[in-house]
Amino acid sequence: MNELDTLVDNAKAAFAQASAPADLENAKAQFLGKSGRITELMKGMAQLSVEEKKSRGAAINVAKQAIEAALNARRQQLADEELNAQLRAEALDVTLPGRRRVGGGLHPVARAQERIEAIFSSMGFDVADGPEIETDWYSFTSLNNPPNHPARSMQDTFYVDMKDEEGLLLNLRPHTSPMQVRYAQAHAKKYAGQAHMPDIRVIAPGRTYRVDSDATHSPMFHQVEGLWIGENVSFKDLKVMYLDFIRAFFETDALKLRFRPSYFPFTEPSAEIDIMFEHGPLAGRWLEVSGSGQVHPQVVRNMGLDPERYIGFAFGSGIDRLAMLRYGVNDLRLFFDGDLRFLSQFQ
Ligand code: PHE
């Protein structure tokens, strides 16, 4: 084996030993670099004759090309190895189950509330929101329920250690009825002095509070207030509208409605609204879902309206109660325990 063949073999061996691209480039310098072995051999030709230079030069070139080819082959090999290692590291097991997004969902009471809002919106009602911490006037007095009135005990609530302008403690509203007065006042003000005032048609859903706690009562619960006031709104409108609502809510016409005489200081006459399903597990039993009545003239006055001209009805329904009936839940407390085994059933 001549020395050029040995050189090529040595180069191949050096390249084969290089296990990373940087090592390979170092090895290349030894053979092909400016002061590498090939350059040295070229310089060594200086003393040769022209004839000798020709054959020697050609032989060195063959060796140089062989070394370059070996270098390129090794470069490619290292690049392939690197790519394969990367592919192995990033391997996907397509048989693994996918990662799911954990599904959140609306609380059943929120669902019921959204349903109620959608149904009343479709009947032309505005949806209003109001404070949960109320003044004595809005929660009671404006609703014809003055201090010391025995009807106040029907709505015993919690008080906040803060006083309003009249020096009376603020309360956590025991019902959504304060929103009747708040909304109607703003409406009356907006149209004051104008010949015509559009009817007031609003629902006001939200949280309410009472000193109450058992399977069907919770210290915090949800109501939706409804109010329709105009020049010619009667109890008949209440009945028609409420029946439409309740049938839409439960998605059945096989349902009866009954008005049972009752008492609220802010309505006269007053009635509880009961419903009865004709089919299903609750069939044949009257179920109370709402208080209602014709808005008392004093309340109309407190709204800033003339009770000789304006009349209407109001109702206050339990959203939790409606949700319980719709979803077949028999204990109200389940709604507020936050147990995912219960809640996830509604997603
Ligand atoms: N606010 C009453 C309650 O909470 C319900 C009601 C609302 C009754 C409107 C009549 C009119 O019991």
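Throughout, numbering of the chain's residues begins at 1 and tracks the sequence. Note that ligands are numbered from 1 as they come in the structure, with each ligand's atoms numbered from 1 the same way.
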How far is [atom] from the closest protein heavy atom, and which atom is that?
{"atom": "atom 7 (C) of ligand 1", "result": "G316 N, 3.2 Å"}
{"atom": "atom 3 (C) of ligand 1", "result": "R210 NH2, 3.6 Å"}
{"atom": "atom 12 (O) of ligand 1", "result": "F264 CE2, 3.5 Å"}

- Item | Contact (N/O only, under 3.5 Å) between T267 and ligand 1 |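 There is no such contact.
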- Task: Kindly confirm or rule out an N or O of E225 lying under 3.5 angstrom from an N or O of ligand 1.
- Result: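 No, no N or O pair falls under 3.5 Å.
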Is [X] near ligand 1, meaning one of its heavy atoms is under 4.0 Å from it?
{"X": "S270", "result": "no"}
{"X": "M154", "result": "no"}
{"X": "F266", "result": "yes"}

Show which atoms of ligand 1 fall inside a sub-4.0 Å distance from at least one heavy-atom site of [X].
{"X": "S177", "result": "1 (N), 7 (C)"}
{"X": "A314", "result": "9 (C), 11 (C)"}
{"X": "S292", "result": "8 (C), 10 (C), 11 (C)"}
{"X": "Q223", "result": "3 (C), 4 (O)"}
{"X": "Q180", "result": "9 (C)"}

- Message: Return the NZ to CZ distance between K64 and F31, rounded to the nearest 0.5 Å.
- Response: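 Nearest 0.5 Å value for the NZ-CZ distance: 14.5 Å.
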- Polar side chain donor-acceptor pair, N302 to Q298, under 3.5 angstrom: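 Present: a donor and an acceptor within the cut-off.
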- Query: Can you tell me if T141 and R152 form a side-chain donor-acceptor pair at under 3.5 Å?
  - Reply: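 Side chains of T141 and R152: pair found under 3.5 Å.
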- Answer yes when R182 and E134 have at least one side-chain N-carboxylate O distance shorter than 4.0 Å, and no when they do not.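 Looking at E134 together with R182, the answer is yes, because their closest N to O distance falls below 4.0 Å.
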- Query: So, are R321 and E288 salt-bridged, with charged N and O less than 4.0 Å apart?
  - Reply: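 Here R321 does not pair with E288 in a salt bridge, since their nearest N and O are not under 4.0 Å apart.
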- Within 6.0 Å of CD in Q17, more than 12 heavy atoms from elsewhere: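 12 or below, so no.
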- Message: Tell me if the aromatic rings of F313 and F259 count as close, with their centers under 6.0 Å from one another.
- Response: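 Not close enough - the centres of the two rings lie 6.0 Å or further apart.
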- Message: Using 30° and 60° as the class boundaries, would you call the ring planes of Y263 and H149 parallel, tilted or perpendicular?
- Response: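 The arrangement is parallel - the two ring planes meet at less than 30°.
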- Message: Are the side chains of M154 and N145 in contact, using a 4.5 Å heavy-atom criterion?
- Response: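 They are not in contact (no side-chain heavy atoms under 4.5 Å apart), so the answer is no.
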